[in-house]
Amino acid sequence: MPDKSFLAWPFFDETHRRLKARLDPWVAAEIASREHDEQDVDALCRDFVRQLGAGGWLRYAVPASHGGMSPTLDVRSLCLLRETLAYRTGLADFAFAMEGLGSASITLFGSEALKARYLPRVAAGKQIAAFALSEPEGGSDVASLQCAARREGDHYVIDGRKTWISNGGIADHYVVFVRTGEAPGAKGLSALVVDADNPGLRIAERIRVIAPHPLATLSFEGCRVPATHLLGKAGEGFKIAMATLDIFRATVGAAALGFARRALDEALAYAAHRSAFGKPIAEHQLIQAKLADMALKIDAAALLVYRAAWTKDALGGRVSRESSMAKLYATESAQEVIDEAVQIFGGIGVLSGAVVERLYREIRALRIYEGTSEIQRLVIAAQTRAAADAEREVPPLAREEREPAA
Ligand code: COS
């Protein structure tokens, strides 16, 4: 059983503890039986979205004004959901996460008409959502993206390609980031909601990866989208993408945490009964050292993930630093925890179909998507330097008044 002692931390209130108490038995009853099913990922994802909608869990992905649970997205709830689903199966977590990521830009920046059209359907599990940012020429350097949209009367006309698009091929709508050219670089991007059946949008290629999930390259050729489908204002696309990722990067850390907790639990159970040199391997100090480091990394990751989530929920504003730290540490340390679990299992750990073998494949992409570990370091460095620069600019007198000498 995964450790639940963290629920007593001050980051949480009663609503979160109640959510977790309702969620655990639901996941055990509805999701656990499909945990080893990796054959038809499209059908499985559609099922998970429908189940999550019917269970009421997708209400956490949209605001209360449009069928959701709380006035704004509650990041601690999103993290608890992702952690719990990921503990059981990466694909169920993926299905939940994409409903959130593919609708959050609408929640944060959409017109009332767009919110009314898309969000209640997302909450009910009737609308599969996707977020289309990366391109064949790059995913990290968002300011240089090339997929273009030109204004023609009441429409935008999109031409170009997007790739690595999760839910590509099964989504009902895509939030697409395009170059509209108001200014060079980051200030010339916009975000449009494009329905999957919009003429001019085509699935160019399906992509298979080591932990399979629906993934595709999209092609836009003269794709005419009503101008009313613009999120925010023209030219605000970069900020819309970053503000959305600020929320979801912490939740990627939560998914990694779910994988890591599962790996530790599997390793603890195995080490308790597997014998070597006349005693269970858990009695050997080298194994104990591994278990200790795994538990330590999990707690440190949990502290960073729920610190980021609490900061967004309680203080609001930009949480780039907290969110990037959470994603970076939780995903990197989960990879290490899972690798140690495989090591404890020995040969059995690399058998196809073993839980730790699956986790080993599932964790890898989390260090890449929604900003690589290298990008998270850039964000953390930029935020840390900006804070130091701001501190230096405080006049010495004001600083003394604020921090009287001891
Ligand atoms: N919220 C709101 N505004 C933000 C923001 C955020 N989280 N992050 C940046 N901005 C704003 C900045 O304030 C700046 O605005 P001003 O010019 O008005 O001051 C503008 O956006 C540009 O910011 P910055 O100069 O920091 O951007 P960079 O071009 O240096 O790029 C990185 C920043 C590299 C961090 C960004 O491109 C990034 O996160 N890349 C990874 C993208 C990604 O996750 N790709 C994976 C695809 S999604 S699966």
Side-chain angles (χ1 to χ4, degrees), residues 72-73 75 82 93-94 97-105 107-109 129-147 161-168 171 174-179 182-191 207 209 211 213-218 231-253 255-256 308 311-312 315-328 331 364-387 389-390:
T72 52
L73 296 180
V75 189
R82 289 203 64 178
D93 162 61
F94 169 87
M98 287 314 304
E99 291 302 278
L101 182 67
S103 66
S105 304
T107 295
L108 297 173
F109 298 96
F131 183 82
L133 183 62
S134 296
E135 300 189 352
E137 298 307 316
S140 292
D141 185 4
V142 175
S144 77
L145 68 79
Q146 292 169 17
C147 182
R161 284 195 160 215
K162 292 284 171 187
T163 194
W164 304 113
I165 306 309
S166 289
N167 273 347
Y174 298 86
V175 171
V176 184
F177 293 86
V178 287
R179 179 160 302 286
E182 290 70 23
K187 294 195 176 0
L189 307 181
S190 301
I207 305 168
V209 287
H213 62 268
L215 193 64
T217 300
L218 314 182
L231 298 175
K233 296 197 190 82
E236 288 185 346
F238 187 90
K239 290 189 183 185
I240 292 173
M242 293 302 137
T244 304
L245 289 170
D246 262 6
I247 294 177
F248 279 88
R249 282 177 178 160
T251 77
V252 177
T311 305
K312 184 67 184 174
L315 307 181
R318 219 177 131 171
V319 291
S320 307
R321 176 169 161 272
E322 293 83 355
S323 197
S324 286
M325 283 186 176
K327 181 183 187 282
L328 173 64
T331 57
R364 192 61 186 86
L366 276 63
R367 292 166 55 206
I368 298 171
Y369 70 58
E370 290 187 41
T372 60
S373 292
E374 291 72 17
I375 289 292
Q376 306 312 327
R377 288 188 169 91
L378 292 184
V379 173
I380 295 164
Q383 294 286 307
T384 305
R385 292 179 64 202
D389 290 349

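We count ligands from 1, going down the list as the structure has it; atoms in each ligand are counted the same way. Heavy atoms only: backbone and side chains are in, while hydrogens, waters and symmetry mates are out.
- Put simply, the side chain of Arg377 never gets that close to the backbone of Ser324: no donor and acceptor are under 3.5 Å apart.
- For the residue pair Ser103 and Glu99, the shortest heavy atom distance occurs at OG-O, 2.7 Å.
- Lys162 places no side-chain N or O within 3.5 Å of a backbone atom of Thr217 that could act as its donor or acceptor partner.
- A donor-acceptor pair under 3.5 Å is formed between the side chain of Ser323 and the backbone N or O of Asp246.
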Find all protein N or O atoms under 3.5 angstrom from an N or O atom of ligand 1 and list the pairs with distances, or write 'none'.
residue: ligand 1; atom: 7 (N); partner: Asp246; partner atom: OD1; Å: 3.3
residue: ligand 1; atom: 7 (N); partner: Asp246; partner atom: OD2; Å: 3.0
residue: ligand 1; atom: 7 (N); partner: Ser320; partner atom: OG; Å: 3.3
residue: ligand 1; atom: 8 (N); partner: Arg318; partner atom: NH2; Å: 3.0
residue: ligand 1; atom: 13 (O); partner: Arg318; partner atom: NH1; Å: 3.4
residue: ligand 1; atom: 17 (O); partner: Lys187; partner atom: NZ; Å: 2.6
residue: ligand 1; atom: 18 (O); partner: Lys187; partner atom: NZ; Å: 3.3
residue: ligand 1; atom: 18 (O); partner: Lys239; partner atom: NZ; Å: 3.2
residue: ligand 1; atom: 37 (O); partner: Ser140; partner atom: O; Å: 3.4
residue: ligand 1; atom: 39 (O); partner: Arg249; partner atom: NH2; Å: 3.1
residue: ligand 1; atom: 40 (N); partner: Ser140; partner atom: O; Å: 2.7
residue: ligand 1; atom: 44 (O); partner: Arg249; partner atom: NH2; Å: 2.9
residue: ligand 1; atom: 44 (O); partner: Gly371; partner atom: N; Å: 2.9
residue: ligand 1; atom: 45 (N); partner: Gly139; partner atom: O; Å: 2.9

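- Side chain of Lys327 to main chain of Leu366: a donor-acceptor pair is present (N/O by atom type, distance under 3.5 Å, no hydrogens or angles).
- Remark: Arg249 engages no residue in a salt bridge (charged side-chain N to carboxylate O under 4.0 Å, His left out) (not counting sequence neighbours).
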